[in-house]
Amino acid sequence: MPQNLGWHPEQFIISNGGDELITLVSEAFLEPGDEIIVPAPTFSEYEFGAHLMGANIVTVPLGESYAFDLDAIVNAVTERTKMLCICSPNNPTGTYLSKSVLHHLLGILPKHILVLFDAAYSQYATADDYTNGLEFVRAGYPIVVLQTFSKIYGLAGLRVGFGTAPESIIQHILKVKEPFNVNALAQAAAAAALHDDEHVRLSLEVNMQGKTQLYRSFRDLRLPFIESMSNFVLVDLGSGAKSVYEQLLTKGIIVRFGGIWNLPHHIRVSVGKEEENSVFVHELTEILHHHL
Ligand SMILES: Cc1ncc(COP(=O)(O)O)c(C=O)c1O
(Lines give C-alpha, C1' and ligand atoms only; values in the text may rest on other atoms or scores of the structure.)
Protein backbone atom coordinates (compact mmCIF):
# COMPACT_ATOMS: atom_id res chain seq x y z
CA MET A 1 0.00 0.00 0.00
CA PRO A 2 1.31 3.47 -0.83
CA GLN A 3 1.68 4.79 2.69
CA ASN A 4 5.05 6.32 1.92
CA LEU A 5 5.59 9.98 1.25
CA GLY A 6 5.67 11.52 -2.15
CA TRP A 7 2.18 10.58 -3.30
CA HIS A 8 -0.54 13.11 -4.00
CA PRO A 9 -4.29 12.62 -3.42
CA GLU A 10 -4.78 13.45 -7.11
CA GLN A 11 -3.08 10.17 -7.99
CA PHE A 12 -5.78 8.09 -6.28
CA ILE A 13 -9.37 7.11 -6.81
CA ILE A 14 -11.32 5.19 -4.18
CA SER A 15 -13.85 2.68 -5.44
CA ASN A 16 -16.62 0.39 -4.27
CA GLY A 17 -14.31 -2.61 -4.34
CA GLY A 18 -11.74 -3.23 -7.03
CA ASP A 19 -14.60 -4.40 -9.25
CA GLU A 20 -16.02 -0.92 -9.48
CA LEU A 21 -12.62 0.45 -10.48
CA ILE A 22 -12.55 -1.95 -13.42
CA THR A 23 -16.01 -0.80 -14.51
CA LEU A 24 -15.08 2.86 -14.08
CA VAL A 25 -11.87 2.50 -16.08
CA SER A 26 -13.81 0.69 -18.81
CA GLU A 27 -16.48 3.40 -18.88
CA ALA A 28 -13.91 6.16 -18.98
CA PHE A 29 -11.65 4.73 -21.67
CA LEU A 30 -13.51 2.25 -23.87
CA GLU A 31 -15.81 2.82 -26.83
CA PRO A 32 -17.67 0.35 -29.04
CA GLY A 33 -15.26 -1.44 -31.36
CA ASP A 34 -12.19 -0.80 -29.20
CA GLU A 35 -10.09 -3.78 -28.22
CA ILE A 36 -8.79 -4.84 -24.85
CA ILE A 37 -6.04 -7.43 -24.53
CA VAL A 38 -6.59 -9.97 -21.78
CA PRO A 39 -3.99 -12.66 -21.02
CA ALA A 40 -6.08 -15.66 -19.98
CA PRO A 41 -7.15 -17.52 -17.93
CA THR A 42 -7.70 -14.62 -15.58
CA PHE A 43 -10.21 -12.68 -13.50
CA SER A 44 -13.51 -12.26 -15.38
CA GLU A 45 -14.32 -8.63 -14.58
CA TYR A 46 -12.14 -7.17 -17.35
CA GLU A 47 -14.40 -8.86 -19.88
CA PHE A 48 -17.44 -7.56 -18.03
CA GLY A 49 -16.19 -3.98 -18.35
CA ALA A 50 -15.47 -4.42 -22.05
CA HIS A 51 -18.90 -5.97 -22.70
CA LEU A 52 -20.52 -3.06 -20.93
CA MET A 53 -18.91 -0.65 -23.37
CA GLY A 54 -19.24 -2.73 -26.54
CA ALA A 55 -15.49 -3.24 -26.74
CA ASN A 56 -13.97 -6.44 -28.12
CA ILE A 57 -11.93 -8.79 -25.98
CA VAL A 58 -8.72 -10.12 -27.47
CA THR A 59 -7.70 -13.09 -25.40
CA VAL A 60 -4.02 -14.03 -25.32
CA PRO A 61 -3.31 -17.42 -23.75
CA LEU A 62 -0.77 -17.53 -20.95
CA GLY A 63 2.36 -19.44 -21.94
CA GLU A 64 4.11 -22.44 -20.46
CA SER A 65 3.36 -22.97 -16.76
CA TYR A 66 0.89 -20.09 -17.09
CA ALA A 67 3.62 -17.49 -17.39
CA PHE A 68 2.74 -14.24 -19.19
CA ASP A 69 3.72 -14.49 -22.86
CA LEU A 70 5.22 -11.12 -23.68
CA ASP A 71 5.55 -11.76 -27.43
CA ALA A 72 1.95 -12.94 -27.71
CA ILE A 73 0.75 -9.83 -25.85
CA VAL A 74 2.73 -7.49 -28.08
CA ASN A 75 1.63 -9.33 -31.22
CA ALA A 76 -2.01 -8.89 -30.21
CA VAL A 77 -1.76 -5.09 -30.32
CA THR A 78 -3.68 -3.44 -33.16
CA GLU A 79 -4.62 0.17 -33.85
CA ARG A 80 -7.91 -0.51 -32.05
CA THR A 81 -6.21 -1.65 -28.83
CA LYS A 82 -7.13 0.69 -25.98
CA MET A 83 -6.32 -1.32 -22.91
CA LEU A 84 -4.17 -4.19 -21.66
CA CYS A 85 -5.27 -5.97 -18.48
CA ILE A 86 -2.50 -7.54 -16.45
CA CYS A 87 -3.47 -9.36 -13.28
CA SER A 88 -0.33 -9.91 -11.19
CA PRO A 89 -0.41 -12.14 -9.21
CA ASN A 90 -2.87 -13.60 -11.64
CA ASN A 91 -6.17 -15.08 -10.54
CA PRO A 92 -6.48 -18.13 -10.85
CA THR A 93 -2.91 -19.21 -11.68
CA GLY A 94 -0.92 -17.30 -9.03
CA THR A 95 1.71 -16.45 -11.65
CA TYR A 96 3.07 -12.90 -12.00
CA LEU A 97 4.68 -10.49 -14.42
CA SER A 98 8.21 -9.59 -13.33
CA LYS A 99 9.26 -6.01 -12.83
CA SER A 100 11.75 -6.09 -15.70
CA VAL A 101 9.20 -7.55 -18.12
CA LEU A 102 6.58 -4.96 -17.12
CA HIS A 103 9.18 -2.23 -17.59
CA HIS A 104 10.06 -3.58 -21.03
CA LEU A 105 6.38 -3.89 -21.96
CA LEU A 106 5.57 -0.33 -20.90
CA GLY A 107 8.53 0.84 -22.94
CA ILE A 108 7.34 -0.73 -26.19
CA LEU A 109 3.55 -0.37 -25.98
CA PRO A 110 2.07 2.56 -27.88
CA LYS A 111 1.42 5.32 -25.32
CA HIS A 112 -2.33 5.51 -26.00
CA ILE A 113 -2.77 2.00 -24.57
CA LEU A 114 -3.75 2.03 -20.91
CA VAL A 115 -2.40 -0.79 -18.77
CA LEU A 116 -4.84 -1.88 -16.10
CA PHE A 117 -2.51 -3.52 -13.59
CA ASP A 118 -4.54 -5.54 -11.14
CA ALA A 119 -2.49 -5.89 -7.96
CA ALA A 120 -5.39 -7.15 -5.80
CA TYR A 121 -3.19 -9.92 -4.41
CA SER A 122 0.08 -7.95 -4.37
CA GLN A 123 0.59 -8.15 -0.62
CA TYR A 124 0.94 -11.93 -0.86
CA ALA A 125 3.69 -11.79 -3.49
CA THR A 126 7.16 -12.51 -2.14
CA ALA A 127 9.28 -12.95 -5.30
CA ASP A 128 12.24 -10.56 -5.45
CA ASP A 129 11.38 -9.46 -8.96
CA TYR A 130 7.68 -8.83 -8.24
CA THR A 131 6.33 -5.31 -8.67
CA ASN A 132 2.94 -3.98 -7.63
CA GLY A 133 3.26 -1.49 -10.47
CA LEU A 134 3.35 1.63 -8.30
CA GLU A 135 6.88 2.59 -9.33
CA PHE A 136 5.63 2.80 -12.91
CA VAL A 137 2.77 5.07 -11.87
CA ARG A 138 5.37 7.31 -10.25
CA ALA A 139 7.39 7.26 -13.44
CA GLY A 140 4.34 8.56 -15.33
CA TYR A 141 3.53 5.57 -17.55
CA PRO A 142 -0.11 5.13 -18.69
CA ILE A 143 -0.91 2.58 -16.01
CA VAL A 144 -3.67 2.24 -13.41
CA VAL A 145 -2.80 0.06 -10.45
CA LEU A 146 -5.78 -1.62 -8.81
CA GLN A 147 -5.67 -2.52 -5.12
CA THR A 148 -8.34 -3.71 -2.77
CA PHE A 149 -9.14 -4.17 0.89
CA SER A 150 -10.91 -7.44 0.06
CA LYS A 151 -7.91 -9.76 0.05
CA ILE A 152 -5.12 -9.56 2.63
CA TYR A 153 -7.07 -6.99 4.67
CA GLY A 154 -10.08 -9.32 4.82
CA LEU A 155 -12.72 -6.63 4.26
CA ALA A 156 -14.40 -7.98 1.12
CA GLY A 157 -17.94 -7.47 2.41
CA LEU A 158 -17.35 -3.77 3.00
CA ARG A 159 -16.58 -3.14 -0.69
CA VAL A 160 -13.61 -0.83 -0.88
CA GLY A 161 -10.63 -0.66 -3.18
CA PHE A 162 -8.66 1.99 -5.00
CA GLY A 163 -6.75 2.86 -8.10
CA THR A 164 -3.44 4.68 -8.38
CA ALA A 165 -2.44 6.32 -11.64
CA PRO A 166 -0.88 9.48 -13.07
CA GLU A 167 -3.13 12.44 -12.28
CA SER A 168 -4.44 12.97 -15.82
CA ILE A 169 -5.73 9.38 -15.91
CA ILE A 170 -7.37 9.71 -12.49
CA GLN A 171 -9.07 12.93 -13.65
CA HIS A 172 -10.52 11.06 -16.58
CA ILE A 173 -11.84 8.20 -14.43
CA LEU A 174 -13.35 10.63 -11.90
CA LYS A 175 -15.69 11.91 -14.62
CA VAL A 176 -17.66 8.64 -14.53
CA LYS A 177 -17.55 8.05 -10.77
CA GLU A 178 -20.60 8.70 -8.66
CA PRO A 179 -19.84 11.15 -5.85
CA PHE A 180 -20.71 8.88 -2.92
CA ASN A 181 -19.55 5.51 -4.22
CA VAL A 182 -17.86 4.32 -1.02
CA ASN A 183 -19.88 4.35 2.18
CA ALA A 184 -18.57 5.87 5.41
CA LEU A 185 -18.21 2.54 7.22
CA ALA A 186 -16.01 1.12 4.46
CA GLN A 187 -13.90 4.29 4.43
CA ALA A 188 -13.35 4.12 8.18
CA ALA A 189 -12.43 0.44 8.04
CA ALA A 190 -10.06 0.97 5.12
CA ALA A 191 -8.32 3.87 6.84
CA ALA A 192 -7.83 1.76 9.96
CA ALA A 193 -6.68 -1.26 7.94
CA LEU A 194 -3.95 0.78 6.26
CA HIS A 195 -2.24 1.15 9.63
CA ASP A 196 -2.69 -2.47 10.69
CA ASP A 197 0.73 -3.68 9.64
CA GLU A 198 0.61 -6.52 12.14
CA HIS A 199 -2.48 -8.03 10.53
CA VAL A 200 -0.83 -7.90 7.10
CA ARG A 201 2.39 -9.42 8.42
CA LEU A 202 0.58 -12.26 10.17
CA SER A 203 -1.70 -12.99 7.21
CA LEU A 204 1.30 -13.15 4.91
CA GLU A 205 3.11 -15.50 7.29
CA VAL A 206 0.10 -17.82 7.64
CA ASN A 207 -0.29 -17.78 3.87
CA MET A 208 3.35 -18.70 3.25
CA GLN A 209 3.22 -21.54 5.76
CA GLY A 210 -0.07 -22.73 4.28
CA LYS A 211 1.34 -22.77 0.77
CA THR A 212 4.34 -24.83 1.94
CA GLN A 213 1.93 -27.26 3.61
CA LEU A 214 -0.25 -27.58 0.50
CA TYR A 215 2.74 -27.92 -1.85
CA ARG A 216 4.13 -30.74 0.30
CA SER A 217 0.79 -32.55 0.26
CA PHE A 218 0.34 -32.11 -3.49
CA ARG A 219 3.84 -33.52 -4.05
CA ASP A 220 3.02 -36.50 -1.82
CA LEU A 221 -0.16 -37.05 -3.84
CA ARG A 222 1.79 -36.58 -7.10
CA LEU A 223 -0.54 -33.78 -8.18
CA PRO A 224 0.97 -31.16 -10.51
CA PHE A 225 0.44 -27.61 -9.27
CA ILE A 226 1.60 -24.09 -10.05
CA GLU A 227 3.68 -22.29 -7.42
CA SER A 228 1.61 -19.29 -6.46
CA MET A 229 2.44 -15.72 -5.50
CA SER A 230 -1.09 -15.39 -4.18
CA ASN A 231 -3.34 -16.89 -1.50
CA PHE A 232 -4.64 -19.75 -3.64
CA VAL A 233 -3.07 -22.63 -5.54
CA LEU A 234 -4.13 -24.08 -8.89
CA VAL A 235 -3.78 -27.84 -8.82
CA ASP A 236 -4.20 -30.37 -11.62
CA LEU A 237 -6.49 -33.29 -10.74
CA GLY A 238 -6.90 -34.66 -14.25
CA SER A 239 -10.26 -35.61 -15.69
CA GLY A 240 -11.81 -36.23 -12.25
CA ALA A 241 -11.47 -32.59 -11.19
CA LYS A 242 -15.17 -31.79 -11.41
CA SER A 243 -16.15 -34.86 -9.45
CA VAL A 244 -13.56 -34.06 -6.75
CA TYR A 245 -14.89 -30.51 -6.56
CA GLU A 246 -18.46 -31.76 -6.12
CA GLN A 247 -17.46 -34.33 -3.52
CA LEU A 248 -15.49 -31.73 -1.57
CA LEU A 249 -18.62 -29.56 -1.56
CA THR A 250 -20.61 -32.33 0.13
CA LYS A 251 -17.93 -32.29 2.88
CA GLY A 252 -18.40 -28.56 3.33
CA ILE A 253 -15.14 -27.67 1.56
CA ILE A 254 -15.55 -24.99 -1.09
CA VAL A 255 -12.87 -24.75 -3.76
CA ARG A 256 -13.20 -23.29 -7.25
CA PHE A 257 -13.65 -25.69 -10.16
CA GLY A 258 -11.33 -24.72 -13.01
CA GLY A 259 -14.05 -25.20 -15.63
CA ILE A 260 -15.08 -21.56 -15.15
CA TRP A 261 -11.68 -20.60 -16.59
CA ASN A 262 -11.65 -23.31 -19.21
CA LEU A 263 -9.38 -25.42 -17.00
CA PRO A 264 -11.60 -28.48 -16.52
CA HIS A 265 -8.75 -30.56 -15.03
CA HIS A 266 -8.00 -28.10 -12.26
CA ILE A 267 -9.32 -26.80 -9.00
CA ARG A 268 -8.20 -23.58 -7.33
CA VAL A 269 -7.92 -23.93 -3.57
CA SER A 270 -7.59 -20.99 -1.20
CA VAL A 271 -4.77 -21.25 1.30
CA GLY A 272 -6.22 -21.63 4.79
CA LYS A 273 -4.91 -21.99 8.29
CA GLU A 274 -2.93 -25.15 9.09
CA GLU A 275 -5.94 -27.03 10.41
CA GLU A 276 -8.15 -26.04 7.48
CA ASN A 277 -5.47 -27.10 5.00
CA SER A 278 -5.15 -30.43 6.82
CA VAL A 279 -8.89 -31.10 6.63
CA PHE A 280 -8.85 -30.24 2.93
CA VAL A 281 -5.86 -32.50 2.22
CA HIS A 282 -7.41 -35.32 4.24
CA GLU A 283 -10.70 -35.19 2.34
CA LEU A 284 -8.94 -34.76 -1.00
CA THR A 285 -6.78 -37.82 -0.31
CA GLU A 286 -9.87 -39.85 0.64
CA ILE A 287 -11.68 -38.89 -2.55
CA LEU A 288 -8.67 -39.53 -4.79
CA HIS A 289 -7.98 -42.93 -3.26
CA HIS A 290 -11.50 -44.25 -2.81
CA HIS A 291 -14.09 -42.36 -4.82
CA LEU A 292 -12.78 -41.70 -8.28
C1 LIG B 1 -7.82 -10.36 -9.45
C2 LIG B 1 -8.90 -9.64 -8.76
N3 LIG B 1 -9.01 -8.32 -8.93
C4 LIG B 1 -9.98 -7.61 -8.34
C5 LIG B 1 -10.89 -8.23 -7.53
C6 LIG B 1 -11.95 -7.35 -6.98
O7 LIG B 1 -12.16 -7.49 -5.64
P8 LIG B 1 -13.11 -6.49 -4.86
O9 LIG B 1 -14.12 -5.95 -5.82
O10 LIG B 1 -13.73 -7.28 -3.77
O11 LIG B 1 -12.20 -5.40 -4.37
C12 LIG B 1 -10.83 -9.60 -7.32
C13 LIG B 1 -11.82 -10.30 -6.49
O14 LIG B 1 -12.01 -11.49 -6.55
C15 LIG B 1 -9.81 -10.33 -7.96
O16 LIG B 1 -9.69 -11.65 -7.81
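First listed ligand is number 1; within each ligand, the first listed atom is number 1.
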Original post:
Would you call the rings of Y215 and F225 parallel, tilted or perpendicular if under 30° counts as parallel and over 60° as perpendicular?
Top reply: parallel
Original post:
Aromatic rings H199 and Y153: how do their planes relate, parallel, tilted or perpendicular, breaks at 30° and 60°?
Top reply: parallel
**OP:** Using ring pair (Phe, Tyr, Trp, His ring centres under 6.0 Å) as the criterion, list what pairs up with Y245, not counting sequence neighbours.
**Re:** F257
Subject >> Residues which pass side chain to side chain contact (heavy atoms under 4.5 Å, CB included) with T42, listed by chain and number, not counting sequence neighbours >> reply: V38, Y46, C87, N90
Do any nitrogen or oxygen atoms of ligand 1 lie under 3.5 Å from a protein nitrogen or oxygen, and which ones?
unit_1	atom_1	unit_2	atom_2	d
ligand 1	3 (N)	D118	OD1	3.2
ligand 1	3 (N)	D118	OD2	2.6
ligand 1	9 (O)	G18	N	3.1
ligand 1	9 (O)	D19	N	2.9
ligand 1	9 (O)	D19	OD1	3.4
ligand 1	9 (O)	R159	NH2	2.7
ligand 1	10 (O)	S150	OG	2.6
ligand 1	10 (O)	R159	NH1	2.7
ligand 1	11 (O)	G18	N	2.6
ligand 1	11 (O)	T148	OG1	2.5
ligand 1	11 (O)	S150	OG	3.2
ligand 1	14 (O)	K151	NZ	2.7
ligand 1	16 (O)	N91	ND2	2.9
ligand 1	16 (O)	Y121	OH	3.0

Original post:
Which residues pass the salt bridge (Lys or Arg N to Asp or Glu O under 4.0 Å) test with E167, sequence neighbours left out?
Top reply: none
Original post:
What's the verdict on side-chain hydrogen bond (donor to acceptor under 3.5 Å, both in side chains) for Q247 and E283, showing C-alpha distance, side-chain angles and the deciding distance?
Top reply: CA-CA 9 Å; Q247 291 181 63; E283 296 296 348; over 6 Å; no
